[in-house]
Amino acid sequence: MRKARMSWPGSAPQQHLTIAGKEANNSALPAMEEVMPEVLTELHKVRRTLEDHYRDMQDIEFTVQRGKLWMLQTRTGKRTAQAALKIAVSLVEEGVIDREEAIRRIEPGSLDQLLHPMLDPSAKTTVLARGLPASPGAASGKVVFSADEAESFAARGEAVILVRIETSPEDIHGMHAARGVLTTRGGMTSHAAVVARGMGRPCVAGAGDLRIDYEARTMAARATLVKAGDIITIDGSTGEVMVGEVPTIQPELSGDFATLMGWADAIRRLKVRANAETPIDARAARRFGAEGIGLSRTEHMFFEADRIGAMRRVIMAEDEAGRRAGLADLLPIQREDFAEIFRIMKGLPVTIRLLDPPLHEFLPKTEAEFGEMARLTGKDVATIRYRALALHETNPMLGHRGCRLGITYPEIYEMQAAAIFEAAVAVVKEMGEAVEPEIMVPLIATKKEFDILKAMIDRIGKEVMAREGTVVPYLVGTMIELPRAALLAGEIAETAEFFSFGTNDLTQTVFGLSRDDAASFVGTYQRLGIFEHDPFVSLDVTGVGELVRIAVERGRATRPGLKLGICGEHGGDPASITFCQEVGLDYVSCSPYRVPIARLAAAQAVLSGEQESGTT
């Protein structure tokens, strides 16, 4: 007697028959159909009965004793994401299940397996450390400790992993150049995690067991020392950091993927947009089915090599005239940034957030950078250092940032508004297609802040359109990311034409947590049951969600047609998307590579709601 197990994914059973864990046609033993054809026929009938009953691919264990078939057990077969799609689509085509059931069966998060390179499961690995799986995918490369070095190595065709204690907006060019990013600090919504997900780069964040020495250009993990130039591999899907190069498997989007996405799109009610501010991000968003851009973070545009100098001249200027001179150099660059995004999105809505981070993020941090900035600005190093010290803030995320910059330095927002309107007009004339800019004012706490800046934006828009002889429809709205703004949503909606919930900052301000520092203890809080889940990964429905619900109700009570969306990282989290569906948002916006996940999750949210209400 020999016990065997067989699995059939969908129709074509004989092509997928597995016996005793080995493919039948790879075995040196005679095939079952050769020695026991009658038993195999009976087994096929039983398999079909079980599959019809459970309406899914089955993993069957059986034995044959003295020519008689005995069934031992059956269970739903394990499968990869690609196999799950194949099985679900096949079962629909066979009439075993309907499209709605196929949609329910696919775990949205599993789609990450189809969109990013994965480690070869047969490869041997030596794990150096573990962190948070901040951005999916896997990559190998030489260790570099600075963004400039990453860019330099990549220009020579070398694969690199950018290793930092934590990243800042100034590291953007290095993150673009690197195959992956590794940080020892930060959580799932840290700068490194958010930007890497947007770029589709693997990222492991918060690997606290690693110790980085920038001066020595080394990284240590217990007894192992990794030097600059050594090769490591990171797996952003598991959070593992490995020594040496590990082979990867490239993703393939099958026809089944497109089929299932089409079914999901026909059911979902929430629109799905992407967070994107570069042409690469915008094209990726379109490729994955985004229906517009829900967040374009303009500060990311200022850190490129051809514009950081101009931005620093603005910051170092001693008066408004000096600031305007630097902004005049930035205007044509910003205008072309926006024009290219409008071209790519081809009439889909584009939400552009005006400058948000505190100014000190644009200033140099090392002596070499101080010297370079002194050369560019014509000021001495001592003056540069003094300016950096003057802009230092104890808690910059709650300091001089967001709309507060626009209030105190209105010329910055004036330049950005002019660039947006000029780009929109130019693309309308060039392509003859509609352009839908939505200009978003960040971090408001009062209606007065918004009203001052909206009046300025409207004035600039009127001037540009009159000068160019072209009218472009646009909206001016705000991010709701402070509790006070959520509570006063009814008042703010008197003039704001849309709300976008910035749930990263709203979570920070509701909990009093830093998303960059909380990773060190959130795990303990989850183990003790204080937090059911990391509130920066899945929306806290009870607290943060209640503020969202209040803002939705009060905002729409004032302005019934108020457009509502979410642009924090929760926009790509399936559980959070279900909540967004429940409270009546119009769209979610997430990193481009999470758009398919959001599309599927939005369809599942509709089906879940119908199931609960008994309409299916």
Side-chain angles (χ1 to χ4, degrees), residues 186-191 193-194 197 270 273 275 294-295 297 299 351 353-354 356-358 395-399 401-404 440-447 449-450 477-493 496 498-519 522 525 531-556 562-573 575-591 594 598:
M188 296 294 287
T189 54
S190 63
H191 177 268
V194 171
R197 282 196 290 272
L270 280 168
R273 300 190 192 182
N275 301 341
L295 175 63
R297 296 156 288 207
E299 60 271 12
T351 304
R353 183 179 71 186
L354 301 179
D356 184 42
N395 194 339
M397 289 301 98
L398 297 178
R401 57 167 286 217
C403 67
R404 299 157 193 172
M440 186 157 67
V441 178
L443 206 76
I444 69 159
T446 71
K447 178 176 180 290
E449 289 170 313
F450 179 78
T478 187
M479 289 188 82
I480 302 294
E481 48 193 328
L482 296 177
R484 191 179 193 279
L487 294 172
L488 297 179
E491 179 182 316
I492 294 166
F498 69 87
F499 289 167
S500 181
F501 292 95
T503 51
N504 294 346
D505 273 335
L506 192 57
T507 298
Q508 288 195 116
T509 51
V510 169
F511 276 96
L513 289 175
S514 165
R515 67 184 181 188
D516 293 318
D517 301 323
V522 163
Y525 267 49
F531 289 167
E532 184 178 346
H533 48 69
D534 184 338
F536 293 109
V537 175
S538 195
L539 188 71
D540 165 50
V541 173
T542 306
V544 178
E546 185 62 19
L547 280 175
V548 172
R549 194 185 300 274
I550 288 170
V552 169
E553 293 172 355
R554 295 181 181 178
R556 282 197 168 142
L562 184 67
K563 183 182 288 190
L564 298 170
I566 181 175
C567 62
E569 280 300 296
H570 298 103
D573 169 59
S576 304
I577 289 170
T578 298
F579 172 78
C580 294
Q581 167 79 23
E582 290 173 0
V583 298
L585 299 193
D586 295 302
Y587 68 87
V588 298
S589 188
C590 56
S591 303
R594 294 185 69 80

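The structure displayed is predicted, hence computed values, not measured ones.
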Cation-pi between Arg515 and Phe536: NZ/CZ under 6.0 Å from ring centre and within 45° of the ring axis?
-> no

Set of side-chain contact (heavy atoms from CB on, under 4.5 Å) partners for Ala496, sequence neighbours left out = Phe450, Thr478, Ile492, Phe499

What's the verdict on side-chain contact (heavy atoms from CB on, under 4.5 Å) for Leu295 and Met440, showing C-alpha distance, side-chain angles and the deciding distance?
-> CA-CA 9 Å; Leu295 175 63; Met440 186 157 67; 3.7 Å; yes

Could you grab the distance from atom CG of Asn504 to atom CE of Met188, nearest 0.5 Å is fine?
-> 11.5 Å

Are the side chains of Met397 and Ser514 in touch, meaning some heavy atoms are under 4.5 Å apart?
-> no

OH of Tyr525: more than 12 outside heavy atoms within 6.0 angstrom?
-> no

Kindly determine whether Val548 and Val541 satisfy side-chain contact (heavy atoms from CB on, under 4.5 Å), including the steps that lead there.
-> CA-CA 9 Å; Val548 172; Val541 173; over 6 Å; no

Step through the shown structure and confirm whether more than 12 heavy atoms of other residues, nucleotides or ligands are within 6.0 Å of CD on Glu546.
-> yes

With the side chain counted from C-beta on, respond yes when Ile566 and Ser589 share a heavy-atom pair under 4.5 Å apart, and no when they do not.
-> no

Non-hydrogen atoms of Asp573 and Ser576 that approach each other most closely = OD2-OG, 2.6 Å

Would you say the side chain of Lys447 lies within less than 4.5 Å of the side chain of Leu488, judging by non-hydrogen atoms?
-> no

Looking only at heavy atoms, the pair that brings Cys590 and Ala598 closest together is SG-CB, 4.0 Å

Hey, what do you get for CD1 (Ile480) to CG (Leu482), rounding to the nearest 0.5 Å?
-> 8.5 Å

Output the distance between atom CG (Leu539) and atom CD1 (Ile577), rounded to the nearest 0.5 Å.
-> 11.0 Å

Does a side-chain heavy-atom distance below 4.5 Å link Phe501 with Val583?
-> no

Run the ring-ring contact (aromatic ring centres under 6.0 Å, His included) check on Tyr587 and Phe498 step by step: do they pass?
-> CA-CA 12 Å; Tyr587 68 87; Phe498 69 87; 8.2 Å; no

Nearest heavy atoms of Thr503 and Glu569, plus distance in Å | OG1-N, 4.5 Å

Taking only Lys NZ, Arg NE, NH1 and NH2, and the carboxylate oxygens of Asp or Glu, determine whether Asp586 and Arg556 approach each other closer than 4.0 Å.
-> yes

Looking at side-chain heavy atoms only, is the closest gap between Asp356 and Arg297 below 4.5 Å?
-> no

Looking at side-chain heavy atoms only, is the closest gap between Arg197 and Asn275 below 4.5 Å?
-> no

Given side-chain contact (heavy atoms from CB on, under 4.5 Å), test Arg554 with Glu491 step by step and report yes or no.
-> CA-CA 8 Å; Arg554 295 181 181 178; Glu491 179 182 316; over 6 Å; no

Residues Ala445 and Arg484: closest non-hydrogen pair is O-NH1, 2.7 Å

Where do Arg401 and Asp505 come nearest, in terms of heavy atoms and distance?
-> NH2-OD2, 2.9 Å

Looking at Gly187 and Ala193, what are the two nearest heavy atoms and their distance?
-> O-CB, 3.6 Å

The residue among Leu547, Asp534, Val544 that forms side chain to side chain contact (heavy atoms under 4.5 Å, CB included) with Thr507 is Val544

Given the rule in the side-chain contact (heavy atoms from CB on, under 4.5 Å) test, do Gln581 and Val588 qualify, once you have shown the distances and angles that lead to the verdict?
-> CA-CA 9 Å; Gln581 167 79 23; Val588 298; over 6 Å; no

Is the closest basic N to carboxylate O distance between Arg353 and Glu299 below 4.0 Å?
-> yes

Any donor-acceptor pair under 3.5 Å from Ser591 side chain to Arg594 backbone = no

Would you check if Leu564 and Leu585 make a side-chain contact, meaning some heavy-atom pair closer than 4.5 Å?
-> yes

Please answer whether the main-chain N or O of Pro535 pairs with a side-chain N or O of His570 as donor and acceptor at a distance below 3.5 Å.
-> yes

